[in-house]
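Order of the sequence lines sets the chain letters (A, B, ...), proteins ahead of strands, with each chain counted from 1. From a predicted model like this one, the values you see are computed outputs, not experimental measurements. Heavy-atom basis, side chains included; hydrogens, waters and symmetry copies ignored.
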2 protein chains.
Amino acid sequence: MLELAILGFLYDAPLHGYVLRRHIAALTGHVRPVAESTLYPAIKRLEKAGLLARATEPGAVAAPRHVLTLTEEGRQELRRRLADPGQREITDENHWFTLLAFLRHLDDPAAQAAVLRRRLAFLEEPASFFYDGDRPLAAEELDDPFRRGVLKIARATSRAELAWLRDTLASLEAVGR
Amino acid sequence: MLELAILGFLYDAPLHGYVLRRHIAALTGHVRPVAESTLYPAIKRLEKAGLLARATEPGAVAAPRHVLTLTEEGRQELRRRLADPGQREITDENHWFTLLAFLRHLDDPAAQAAVLRRRLAFLEEPASFFYDGDRPLAAEELDDPFRRGVLKIARATSRAELAWLRDTLASLEAVGR
DNA sequence: CGAAGATACCTCGGGTTCGATGTATAACGG
DNA sequence: CCGTTATACATCGAACCCGAGGTATCTTCG
């Protein structure tokens, strides 16, 4: 998820670590803050893997900074990760939102639609958080107001996302025709 | 999050690892599956910390199994974690839902309300995923349909949750009077 | 001029997570 | 009776993440 965000932001323009960090904080920081000691090693990993290159520049404001640029392999890797995401990227909202934030970088509408359809399939399969044996429980069947809340909120999210997915898929398919 | 789920499920009744695993899979597994190699060490950690005790029983169906029971410290620890959750538990939906699933175990309505109010405060502060400098961007201002989707879905979730939080807080306060 | 704060990057250690793999037992279908 | 599946638990190594702490520069305010 972190690596996807790094690749995604750098796909648009070269950035140095500090600015990159603020971009990531804006995207996911209110939900899941990312520590410096996680970001910098991640940058190193990606550099070591040949996905990005760094150039040292005298700092505009303070200490010298490392401007990060995606290599051609890095650009390919981002497109690969967007087109063929792992299951966690589909099911976990945090990961999914990060993916959506950069899905435009996949320039083929059919490939974008394929990713949205995977999410659609996931949301369409009946799933609850609470079960009576194998039978999923509806909100109304629960005594616990907090568990009822979980279901109500999840259902509202699901409805909104399903509507958006169907709309967006329709317009992506309209482009293809 | 995993430890909270373990403590939460065992608070109701002693369980052995295998059943516990299926409970956790039902609760969060569709979004974020938990590997066996994460669960069993977690159980060991909690046991080592004195929060739960295990008793070996001959397996009803197959191999012998370890029935896990919360100790008094374990029960206190769950209530402590529910009453005074970390910031991640408040901001990250996955963690928050896990916490909500067990919040009923906190039997003081005022303490439950205090937790809900922390979530309310978090949701009420204006936050976006995308910014123009410091200014949060509205969905309508974005060209990217996928980023628009992120905002639309997040807004729908937020609306539903705010409504539920206010309702539930009102009824919790009614109990207190 | 000196303290505070923002910019900018880094390392280390401890802890968590996961995939792969291993070990048993029992039930069930063919 | 034999392979598959489900039950039931465990270990190992690699990877990842975080908090704490460190280094250095520049600006701003008193």
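Salt bridge annotation for A/Glu140-A/Arg155: absent, with no cationic side-chain nitrogen under 4.0 angstrom from a carboxylate oxygen. Salt bridge annotation for A/Arg119-A/Glu161: present, with a cationic side-chain nitrogen under 4.0 angstrom from a carboxylate oxygen.
Within the 4.0 angstrom heavy-atom criterion, only backbone atoms of the sugar-phosphate kind lie near B/Arg45; the bases stay farther away. Using a 4.0 Å heavy-atom cutoff across all strands shown, A/Arg32 reaches no nucleic acid atom at all. Nucleic acid contact for B/Arg54: sugar-phosphate only, since backbone atoms but no base atoms lie under 4.0 Å from a heavy atom of the residue.
One can place CZ of A/Arg88 at 9 Å from C1' of C/dT17, the figure rounded to the nearest angstrom. Rounded to an integer number of Å, the gap from OH of B/Tyr18 to P of C/dA24 is 18 Å. Rounded to whole Å, atom P of C/dC18 lies 15 Å from atom CD of A/Gln87. Look at CG on A/Leu39: it is 15 Å from C1' on C/dT11, rounded to the nearest Å. Here D/dC17 presents its C1' atom at 13 Å from CD1 of A/Ile6, a figure rounded to the nearest Å.
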Just list the side-chain donor-acceptor pairs under 3.5 Å for residues 36-43 of chain B, sequence neighbours left out, or say none.
none

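A 4.5 Å side-chain heavy-atom check between A/Ile90 and A/Trp96 finds at least one atom pair inside the cut-off.
Comparing B/Arg22 and B/Ser37 along DNA chain D, the residue whose closest nucleotide (by nearest heavy atom) sits nearer the 5' end is B/Arg22.
A donor and an acceptor atom never sit less than 3.5 Å apart when one is taken from the side chain of A/Glu36 and the other from the base of D/dC18.
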